[in-house]
Every structure is written in C-alpha cells, then in structure tokens.
Amino acid sequence: MDGNGRWARLQGLPREVGHERGADSVRTVVRASRELGVEALTLFAFSAQNWDRPPHEVYHLMELLRRYLIEERGEILDNDIRLVTVGETHRLPAYVREPMLDLVAASADNRAMVLCLALSYGGREMITDAVRKIARQVAAGALDPESIDGKVIEAHLDSSRILPPRPPDPHQRRAPDLDFLPVEAAYAELFFTETLWPDFAREHLLAALDDFARRERRFGLTLNNTDETARPEQGGDPAEEG
Ligand code: FPP
C-alpha cells in the first residue's frame, strides 16, 4: 500500500497524515472488495523492514493498525469476512497483537471473503523460514531431498495455512520494488498503477479487476495446452514449463 509518504509530501503534510489517509483507503477497499465478490484480499500493511523507520512513524502505524482492528471489528464480522495474517506477527506490540488475535479467532468461521494482513512481512524472511522447516525434516530423515518441489516449498510457507489456492490475482502495485509473496505470486497477474494508496478508491479497484478480467492466463504454457489440469492449484507445475 505504498505512496502514503509521497501523497503527504505532495500535500505539504507530515507522513503520518499520509498513513491516516491510507488507513481510510483500507476501509474503502475492503468494503468494495467484499461488495464486488473478491474471494481474498491481501494487504501489505507493514514489512519486516518497516521496523527500521523512525520510532515515531512505527508507533503511529501500530496505532493505526490497532484502531483499525478495534473500529472495524463489527463490520468485518457482520460481513462474514475472515481475518488472517501472514508475517512475523509475534514482533507486534501486545496492544496490536491482542485485538488482532481476538478478531482472527472471532472471524475464523466466516466464509464470504478472506482479508489477509501482511504484518512484519518479508518475502525473503518467509522463504528462509520455509527452508529451515524443510531442512529440519530432511535432517530428521522425514523428507527425501529429491521429493522437494515447488509444492513442498509452498506448503511450508506461512501463507499456505490461510490463503486460497494460488496464484493471488490481481497483484496491485505502484512502486517498482517488491518483496511481497515472491513464491506465491509466481504466474500471478500484476497490475501497476500510478495512483498513490491514499487516493486508491473503489473506481481504481474496479479498473484493476476489469483489466484482470481481460487478461489471457497461460501459466507459462501456450494457449493450446492451457487447460484446467495445467493450473498450478490443480496439480500441474507450470514452473517446469518455463
Ligand atoms: C508504505 O508507504 C506504507 C506503509 C509502510 C504503511 C501502510 C499502512 C497503512 C496504509 C495504514 C495502516 C494499515 C491498516 C491495515 C489499517 P510509504 O510510507 O513507503 O510511502 P512512499 O512509498 O510514498 O514512501
């Protein structure tokens, strides 16, 4: 959800105001996604690297998160939305972790939409964690190294316990740098926008979904041999096709 800082700078306002407007966009986009029938929405709310921002900015972001989790609790539950998280959430302060865990538990049986917040998330950190888990199984003799393929790696990612079948689509992004769901997003359709996150509204989400609807999915195959059995979640591994 980048662009909060640039949005604030353009308005001559402190970065914190950009984040506040960004939190308003979160509310708008979650509501619109639910209304439009989006199955799962993952928002990159705080990266593992964001901890190194100035302490007052980190504190402000944590406050916004806490406020969001408390204020939106009713709407999330009323709208049958399941809240889940990816990332090193144990690093979050208790005043964020507690309302977060409370809402994750309270919404666990909801089915209309998954709202996934990536918190203290880093793609490399998640891959490192998965590799460690796999290495432990190999060391214990429980896993044959030759049997490790794309699916085994995905199954050990933090996201595997919560997200629907991959790839996540469409993948909205404004900035050119990316450490977001690097494995899960293989063959995802990417959508780049010039819109700064605080300005991102229902119409921008609609434009992204509309663009996605017109894409031709090939998963690394050709038009002729792309069929249901070739889709990653159906058993084929298009990564092997190049
Ligand atoms: C990146 O923009 C954005 C963040 C580090 C924080 C995103 C957080 C929110 C939108 C609000 C809190 C979250 C929720 C779920 C309520 P940036 O600061 O890097 O801006 P820039 O790209 O313009 O520098």
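FYI, side chains are in, hydrogens and waters are out, and symmetry mates aren't considered; it's all heavy atoms of this structure.
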Which pair of non-hydrogen atoms, one from [X] and one from [Y], has the smallest distance, and what is that distance?
X    : Y    : value
S159 : V86  : CA-CG1, 3.6 Å
S147 : V152 : O-CG2, 3.5 Å
R34  : I81  : CD-CG1, 4.0 Å
W51  : P93  : CH2-CD, 4.2 Å
E189 : R215 : OE1-NH1, 2.9 Å
T89  : M100 : CB-CE, 3.9 Å

[Y] and [X], any side-chain heavy atoms less than 4.5 Å apart:
X   : Y    : answer
F44 : Y121 : yes
I76 : Y68  : yes
M1  : F200 : no
L64 : F46  : no
M62 : L65  : yes
V96 : L119 : no

Who pairs with E35 by side-chain hydrogen bond (donor to acceptor under 3.5 Å, both in side chains), at least two apart in sequence or on another chain?
R202
Going by side-chain hydrogen bond (donor to acceptor under 3.5 Å, both in side chains), name the residues that satisfy it together with D144, two or more places apart in sequence or in a different chain.
none
Donor-acceptor contact present, side-chain [X] to main-chain [Y], <3.5 Å:
X    : Y    : value
S25  : P198 : yes
R15  : G5   : no
D80  : A112 : yes
N110 : R82  : no
W7   : G18  : no
R6   : L196 : no
H156 : I134 : no
D149 : K151 : yes

Greater than 12 external heavy atoms within 6.0 Å of [X]'s [atom1]:
X    : atom1 : result
R21  : CZ    : no
Y59  : OH    : no
R132 : CZ    : no

With hydrophobic residues grouped by side-chain heavy-atom distances under 4.5 Å, do [X] and [Y] end up in a single group?
X    : Y    : result
L209 : L43  : yes
I148 : L157 : no
L115 : L101 : yes
I70  : L77  : no

Please report the interatomic distance [atom1]([X]) to [atom2]([Y]), rounded to the nearest 0.5 Å.
X    : Y    : atom1 : atom2 : answer
R66  : E71  : CZ    : CD    : 10.0 Å
D158 : M126 : CG    : CE    : 5.5 Å
R31  : E75  : CZ    : CD    : 4.0 Å
E63  : E20  : CD    : CD    : 10.5 Å
I153 : I127 : CD1   : CD1   : 8.5 Å
M113 : S107 : CE    : OG    : 11.0 Å

E125: partners by side-chain contact (heavy atoms from CB on, under 4.5 Å), with sequence neighbours left out
A48, Q49, E88, D179
Applying side-chain contact (heavy atoms from CB on, under 4.5 Å), run through N79 and V30 and close with a yes or a no.
CA-CA 10 Å; N79 282 284; V30 170; over 6 Å; no
Under the criterion side chain to side chain contact (heavy atoms under 4.5 Å, CB included), which of L36, D210, T28 is the partner of L205?
L36
